[in-house]
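Each remark here refers to the structure printed beneath this line.
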Protein chains: 2
Amino acid sequence: MRREIVEGSIVQGSKISEPELAKRYGVSRATLREALNRLESCYLVERKANVGCRVVALTAERLIEVYQVRSSLEGLACRLAADNMEPEEIKGLKQLLNQHLQTQRVKEGESYYQEAGDLDFHYRIIQGSKNAHLIHLLCNELYQLIRMYRVQMGMVGPRVSKAFDEHLAIINAIENHDGELAEMLMKRHISASQANIQTKFDLLAKQKA
Amino acid sequence: MRREIVEGSIVQGSKISEPELAKRYGVSRATLREALNRLESCYLVERKANVGCRVVALTAERLIEVYQVRSSLEGLACRLAADNMEPEEIKGLKQLLNQHLQTQRVKEGESYYQEAGDLDFHYRIIQGSKNAHLIHLLCNELYQLIRMYRVQMGMVGPRVSKAFDEHLAIINAIENHDGELAEMLMKRHISASQANIQTKFDLLAKQKA
DNA sequence: ACCACACTAATTGTCGACAATCTAAAAAAT
DNA sequence: ATTTTTTAGATTGTCGACAATTAGTGTGGT
């Protein structure tokens, strides 16, 4: 509905006035409250009883917390995917990676496609775990928040090619049904991604000082 | 508010009629919808757009899915707790375990206290991880669902003493700040608990046939 | 006899208004 | 001048009613 706005154009930590935004979107307050509930379950807004709603603030501490959880859960998803993914799913995953290679070569600097592609890659593996609860947790709840981090931080360039290699290694592990390895590789991959955004944060803090 | 009812006295998979329950509790439909949203975020009810709300059905497949996730997340929590728990927190945890030992000896067969105690034990370790996101995920979202499983299935006896030993080993690992070991022990502990409920399920299915 | 279509009934989603609560500013007392 | 209290404003939570969509049933056609 208006995830786009939360992802980009509404400032972090800003108070949300229900009647204001209700008029802003031309809907009733009840409808907007429903929407806020959805956003709350995605961790994009935080509410306090009888106080109000604020857009979530993107702090480094929060990033670490989220990525610790994400690393653990996607590691699990990857291990399960190594056991449960169908051959044609694995085949499709490899094709997807090849597509990324091509678009990546064409648009060396631009990282947007890689970004979307990276999320798509992770998305498919999560789906491959065949664990509905896990899929819901990662794809519905955490997905938006992670996207928010990446969009607002901006994905940096040199990691693109390295991420590609890591994706390749993960696919190989899944293809060999080596769940242990796949889990470990995915955990490292996400930790690297976390470290990447962390440096971005530090850079931003230094710029401020 | 009325988690008690969902945990016990409302049948699984039963349709939820909003106006009916609204009258049942003497509140408006808007209030009840808010409550349903809360229950949905705890995975106790499931809704479909323009169709309605049903109480979640406790199946063996779902149990496995939830416990796979729980094992991974509580393993993470345990590893973090090994690094981040304060000495007095560890001390309190040991005291809690001693209390369990006493009540357990007194009420050999009765497992209710052990159950509540077990959850409390896990609860404290999760808090000890100091990861707010992880704490929310486990204590607010998953906690109720797991409680529902355990209450409706009924905890079996012989596992009580074994669980106590496992808890003890976990505390020792945390006290030694051995995160790796603590994580592994917790994962095994939860897997054992899962297997325990699984057998309960199989027994129930055999009874039916 | 079976399938398709339409109609009715119920349920969900949405709306505007009212009451309770909290925040903030202004005034008074120390 | 600072602190406390009171008061006003606004915002959230709650309520009952209306509109839209859906499920079930009954009828008609093939």
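Below, chain A is the first sequence line, B the second, and so on; all start at residue 1. All values below were derived from every heavy atom in this structure, side-chain atoms included, with hydrogens, water molecules and symmetry-related copies excluded.
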Name all residues meeting the side chain to side chain contact (heavy atoms under 4.5 Å, CB included) criterion together with A:Arg29; count only those two or more places apart in sequence or in a different chain, and write none if there are none.
A:Glu18, A:Pro19, A:Ala22, A:Arg33
Kindly write out the residues that satisfy side chain to side chain contact (heavy atoms under 4.5 Å, CB included) with B:Ile64, not counting sequence neighbours, or none if the list is empty.
B:Gln68, B:Gln194, B:Gln198
Residue list, salt bridge (Lys or Arg N to Asp or Glu O under 4.0 Å) with A:Glu61, at least two apart or on another chain:
none
For B:His136, all residues meeting ring-ring contact (aromatic ring centres under 6.0 Å, His included), sequence neighbours excluded
A:Tyr43
For the pair made of NZ in A:Lys23 and P in C:dC15, what is the distance, rounded to whole Å?
15 Å
Partner residues of A:Lys130 under the side chain to side chain contact (heavy atoms under 4.5 Å, CB included) criterion, sequence neighbours left out
A:Asn84, A:Glu86, A:Glu89
What nitrogen or oxygen pairs link the protein and nucleotides 7-14 of chain C at under 3.5 Å?
{"from": "C:dT12", "atom 1": "OP1", "to": "B:Ile16", "atom 2": "O", "distance (Å)": "3.2"}
{"from": "C:dG13", "atom 1": "OP1", "to": "B:Asn50", "atom 2": "N", "distance (Å)": "3.4"}
{"from": "C:dG13", "atom 1": "OP2", "to": "B:Arg33", "atom 2": "NH1", "distance (Å)": "2.7"}
{"from": "C:dG13", "atom 1": "OP2", "to": "B:Arg33", "atom 2": "NH2", "distance (Å)": "3.2"}
{"from": "C:dG13", "atom 1": "N7", "to": "B:Arg29", "atom 2": "NH2", "distance (Å)": "2.8"}
{"from": "C:dG13", "atom 1": "O6", "to": "B:Arg29", "atom 2": "NH1", "distance (Å)": "3.1"}

Between D:dT12 (C1') and A:Leu36 (CG): distance, integer Å
11 Å
